[in-house]
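Structure, as structure tokens:
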Amino acid sequence: MASAPETKTAPARIPANDFRAQWTRIREAALAAVDRVGASGWLVLGREVEAFEAALAERWGLPHCVGCASGLDAIEIGLRCLGLAPGDRVLTTPLSAFATALAVIRAGGEPVFVDVDDSGLLDLDLAEKALEEHPEVRFLVPVHLYGHALPAGRLAALKRRFELRVVEDCAQAIGATSDGAPVGTVGGLAATSFYPTKNLGCLGDGGALLTASAEHDALARSLRDYGQRAKYEHDHLGLNSRLDEVQAAVLHDALLPALDAATARRREIAARYRAEIRNPALEIPPVPEGSASVWHLFPVIAPDRASFETHLDAAGVAAGRHYPHLIPDQEAMRGADPATLLSPLTRARAFAAREVSLPIHPHLDDAEVERVVAACNAWRG
Ligand SMILES: Cc1ncc(COP(=O)(O)O)c(C=O)c1O
């Protein structure tokens, strides 16, 4: 009897994120959390948000946490807590999610930029020089990009020397430390995001502002809720930026408890990529000194990015770009004063032209990690 023809199935595509695998792991706890919220009859700003805020604050090591609707809002609210006035200049990085600069603009400020360092993060030497030359700049929004922590000691020294008001953008770096100090603890205001792709991603949008200051905590609570001090008493022109009870309950019961294991897996994968990707045509940017990174992304630099991306695609590996356009180059920034560029953006432009993000989500199995490594090593750049 003739045997059936052998059918070869191509290995499954390796996705940049795997929300279905996440759901399989959290389903039971998440459904129970949703059920509890539904049964409680209380859907906005209740016990679930309070419990999650307390849990995240404790874990982060900051006394206060204010749940918000997004990371974007958390940065805006943070800047408003620090007294940003219309037109105030805010130093930040040109290589980040557009939300970083958008938050500054929505708070009434004007973002100004210096170049990035070899890791792709704000260059603190250039920041120092720019602050010397531009004493009017009193606000800083450093971004702990890719899950790396910017050097805490350097940030603290800049803050002290120039009396800066600082909101740290920790959207990509929850749990990262610099010489043991958690991100977000230098400025005293840490903004983070629970957008699904983030290391602590929820089932929709969400964010939080963490702070050491009881005063900022109270103001942020008011600003996220139309600027109310008490029901129907409005001291400020606030936002509607409330983390809802369902997201808070799922974060608290299902996602936050899984964060340590997910971070450990990201670190394992990063260690393998760093040890095993041995292609002279690919450059792996260095980790900032002192950073215990949480590897939200794994950037590599490919001189011919299009060819590398085509190669990865043919090998069934999904890749990303973070970020292909610099913030000051965006169409929405048209008309931004060229004087907002406080240094040439040479390295940032090189990242924008050449960076490729390899998959590093915590649901990758070892065979998938090996396939990514093999695909990288097989590329003839
Ligand atoms: C560095 C950075 N800052 C801010 C944000 C904004 O967060 P959200 O999408 O929750 O508004 C993001 C996420 O997109 C981000 O990656």
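We count ligands from 1, going down the list as the structure has it; atoms in each ligand are counted the same way.
Between Leu79 and Val104 the shortest side-chain heavy-atom distance falls below 4.5 Å. Between Cys170 and Val183, the closest side-chain pair of non-hydrogen atoms falls below 4.5 Å.
Under a 4.0 angstrom heavy-atom cut-off, Phe98 registers as lying outside contact with ligand 1.
Of the heavy atoms in Asp73, none comes closer than 4.0 Å to ligand 1. Proximity of Ser96 to ligand 1, defined as any heavy-atom pair under 4.0 Å, is confined to the side chain (atoms from C-beta onward). Residue Asp169 touches ligand 1 through its side chain alone, judged by heavy-atom distances below 4.0 Å. The proximity of Tyr323 to ligand 1, defined as any non-hydrogen pair under 4.0 Å, is limited to the side chain.
Close contacts between ligand 1 and Ser70 involve ligand atoms 10 (O), 11 (O) [criterion: under 4.0 Å to a heavy atom]. Short contacts between ligand 1 and Val143, defined as distances under 4.0 Å to a heavy atom of the residue, involve ligand atoms 1 (C). Close approach to Ala97 involves these atoms of ligand 1, each under 4.0 Å from a residue heavy atom: 2 (C), 12 (C), 15 (C), 16 (O). Residue-ligand proximity, Thr100 to ligand 1, at heavy-atom distances under 4.0 Å covers atoms 3 (N).
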Please evaluate residues Tyr232 and Tyr226 with respect to the criterion ring-ring contact (aromatic ring centres under 6.0 Å, His included), reporting the C-alpha separation (whole Å), side-chain torsions for both, the decisive distance (0.1 Å), and the verdict. CA-CA 9 Å; Tyr232 303 140; Tyr226 313 130; 9.4 Å; no
Take Asp123 and Arg347 through the salt bridge (Lys or Arg N to Asp or Glu O under 4.0 Å) test and state the conclusion after the steps. CA-CA 10 Å; Asp123 184 319; Arg347 282 195 218 103; 3.2 Å; yes
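Nearest protein heavy-atom contact of atom 6 (C) of ligand 1 is Ala99 CB, 3.5 Å. With hydrogens left out, the protein atom closest to atom 11 (O) of ligand 1 is Leu72 N, 2.9 Å, a heavy atom. Given atom 16 (O) of ligand 1, the protein heavy atom at minimum distance is Gln172 NE2, 2.9 Å.
A salt bridge links Asp366 to Arg265: at least one charged side-chain nitrogen sits closer than 4.0 Å to a carboxylate oxygen. A salt bridge links Arg334 with Glu331: at least one charged nitrogen is closer than 4.0 Å to a carboxylate oxygen. Salt bridge absent: Arg47 and Glu50 never bring a charged side-chain N and a carboxylate O closer than 4.0 Å.
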Can you give the donor-acceptor pairs under 3.5 Å from side chains of residues 281-290 to other protein atoms, not counting sequence neighbours?
none

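Geometrically, ligand 1 and Asp205 share no nitrogen or oxygen pair separated by less than 3.5 Å. The shortest N/O to N/O separation between Lys198 and ligand 1 falls below 3.5 Å. Ligand 1 has a nitrogen or oxygen under 3.5 angstrom from a nitrogen or oxygen of Gly71.
Glu168 and His144 form a side-chain donor-acceptor contact under 3.5 Å, judged by distance and modelled atom types alone.
Under the 4.5 Å side-chain heavy-atom criterion for ILVMFWY residues, no single connected hydrophobic cluster contains both Trp42 and Val246.
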